[in-house]
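For clarity, every value in this text was computed on a predicted model and none was experimentally measured. Start at 1 with the first residue, then count along the sequence.
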Amino acid sequence: MNQTLQDRLVKELRLANISGIEAGNAFLPSFIARFDTQFAVEPASKINAHRACDLNDDALNNILCFEYNRKLSKNLELSYNNTVYQVKTTGQGYALRHAKVTVRQHLNEEVTLHYKGRQLKYTTYDKKKKAAEIVSSKQLNQKIESMQKQEKIKRYTRRKQKINYPGEVFLGK
């Protein structure tokens with residue numbers, strides 16, 4: 001309906017030779033009245049079928065969010081949005097190792113972690129990007145050759161894994 005209204009309103013404004021904001025705002029009440037008389041439909045029942053929302057703000061906040069599943073590491077860490085989240089526990093925390101956790105990103109950009117219906121406390125830190133190795137100009141050619149050899153070995157082993165040997169079945173791609 002919104003697209004219909006926007007399309008029809010633009011055409012009506014052009015027909016009325018209106019190009020300014022003030023004139024457009026003055027034109028809107030008469031346009032809405034004409035539109036309602038032309039397209040309004042009486043409801044089949046006058047009973048209001050909407051249910052009252054008896055949820056508190058926290059419950060609504062947990063419903064209206066994006067949820068993602070992650071698995072905790074041995075160190076009780078998970079990665080989300082280039083940020084590492086480490087769960088804080090009281091005691092040893094062995095039960096949480098490799099546990100499946102729900103990450104909730106709320107509409108206000110707040111991130112919460114949940115496990116079996118309870119919210120977990122955590123600390124965050126950004127993922128460190130690997131710093132480039134500094135090589136002197138004298139060692140540059142040697143380093144490039146070494147990297148090329150490593151790449152050839154990787155390609156060779158990948159190719160070798162794909163070869164069918166007589167009497168063997170290859171199940172890879």
Side-chain angles (χ1 to χ4, degrees), residues 1-133 154 158 161-162 171-173:
M1 188 64 169
N2 191 29
Q3 188 174 4
T4 302
L5 277 173
Q6 287 177 343
D7 185 50
R8 187 175 297 273
L9 179 60
V10 170
K11 290 176 182 173
E12 291 285 333
L13 289 172
R14 284 189 187 143
L15 287 173
N17 290 328
I18 296 173
S19 60
I21 294 174
E22 296 83 20
N25 285 337
F27 176 75
L28 265 176
S30 63
F31 169 75
I32 291 172
R34 278 188 288 125
F35 187 85
D36 283 347
T37 56
Q38 187 176 1
F39 296 103
V41 177
E42 282 292 320
S45 172
K46 300 234 182 226
I47 298 172
N48 185 359
H50 295 91
R51 292 188 292 174
C53 180
D54 56 352
L55 298 173
N56 60 18
D57 290 342
D58 289 335
L60 281 175
N61 197 22
N62 284 331
I63 292 170
L64 302 173
C65 66
F66 298 98
E67 288 191 353
Y68 306 95
N69 293 320
R70 295 288 189 273
K71 190 174 182 181
L72 289 177
S73 70
K74 186 171 98 175
N75 299 331
L76 304 181
E77 295 176 341
L78 63 91
S79 177
Y80 173 72
N81 252 6
N82 289 327
T83 304
V84 176
Y85 294 81
Q86 186 172 33
V87 175
K88 291 182 179 179
T89 61
T90 54
Q92 304 259 337
Y94 291 121
L96 287 174
R97 284 184 176 179
H98 306 289
K100 291 182 181 177
V101 175
T102 301
V103 178
R104 290 184 182 157
Q105 183 174 1
H106 302 279
L107 299 179
N108 62 359
E109 300 299 319
E110 177 190 8
V111 175
T112 57
L113 306 179
H114 297 267
Y115 176 70
K116 290 188 177 180
R118 65 183 178 99
Q119 188 170 332
L120 301 172
K121 294 180 182 176
Y122 62 86
T123 57
T124 63
Y125 51 94
D126 291 334
K127 282 187 178 179
K128 302 264 188 216
K129 294 193 176 173
K130 240 183 184 177
E133 185 180 344
K154 283 182 189 176
R158 279 190 225 130
Q161 291 171 353
K162 292 183 181 181
L171 299 175
K173 291 182 179 181

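- Other residues, nucleotides and ligands place no more than 12 heavy atoms under 6.0 Å from the CG atom of D57.
- Expressed to the nearest 0.5 Å, how far NZ of K74 lies from OH of Y94 amounts to 10.5 Å.
- Between E12 and R34, the closest heavy-atom pair is OE1-NH1, 3.4 Å.
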Full working for side chain to side chain contact (heavy atoms under 4.5 Å, CB included) between Y80 and Q105: CA-CA 10 Å; Y80 173 72; Q105 183 174 1; 2.3 Å; yes
Side chain to side chain contact (heavy atoms under 4.5 Å, CB included) for L113 and L78? Distances and angles first, verdict last. CA-CA 10 Å; L113 306 179; L78 63 91; 4.1 Å; yes
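- Across N62 and C65, no two heavy atoms sit closer than the pair O-SG, 3.1 Å.
- Taking the six-membered ring where tryptophan is involved, the planes of Y68 and F66 are essentially parallel, since the angle between them stays under 30° and well short of 60°.
- The structure places OG1 of T102 at 10.5 Å from NZ of K100, a figure rounded to the nearest 0.5 Å.
- The two residues N75 and Q86 make their nearest non-hydrogen contact at O-NE2, 3.2 Å.
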Show your working on side chain to side chain contact (heavy atoms under 4.5 Å, CB included) between L9 and L28 and close with a plain yes or no. CA-CA 9 Å; L9 179 60; L28 265 176; 4.1 Å; yes
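- Across Y115 and A99, no two heavy atoms sit closer than the pair CE1-CB, 3.5 Å.
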Walk me through it: do V84 and D126 pass the test side chain to side chain contact (heavy atoms under 4.5 Å, CB included)? CA-CA 6 Å; V84 176; D126 291 334; over 6 Å; no
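- If you take CG on L15 and CZ on R8, they are separated by 11.0 Å, rounding to the nearest 0.5 Å.
- The nearest pair of heavy atoms linking I18 to G24 is CG2-N, 3.5 Å.
- The one candidate from R104, Q119, H106 that meets the side chain to side chain donor-acceptor pair (under 3.5 Å) condition with T112 is H106.
- Remark: L76 CG to L96 CG distance equals 6.0 Å, nearest 0.5 Å.
- Using a 4.5 Å heavy-atom cutoff, the side chains of S79 and E77 are not in contact.
- In this structure, N108 contributes its side chain and E110 its backbone to a donor-acceptor pair below 3.5 Å.
- Taking the six-membered ring where the residue is Trp, Y122 and Y85 present perpendicular rings, their angle passing 60° and hence far from 30°.
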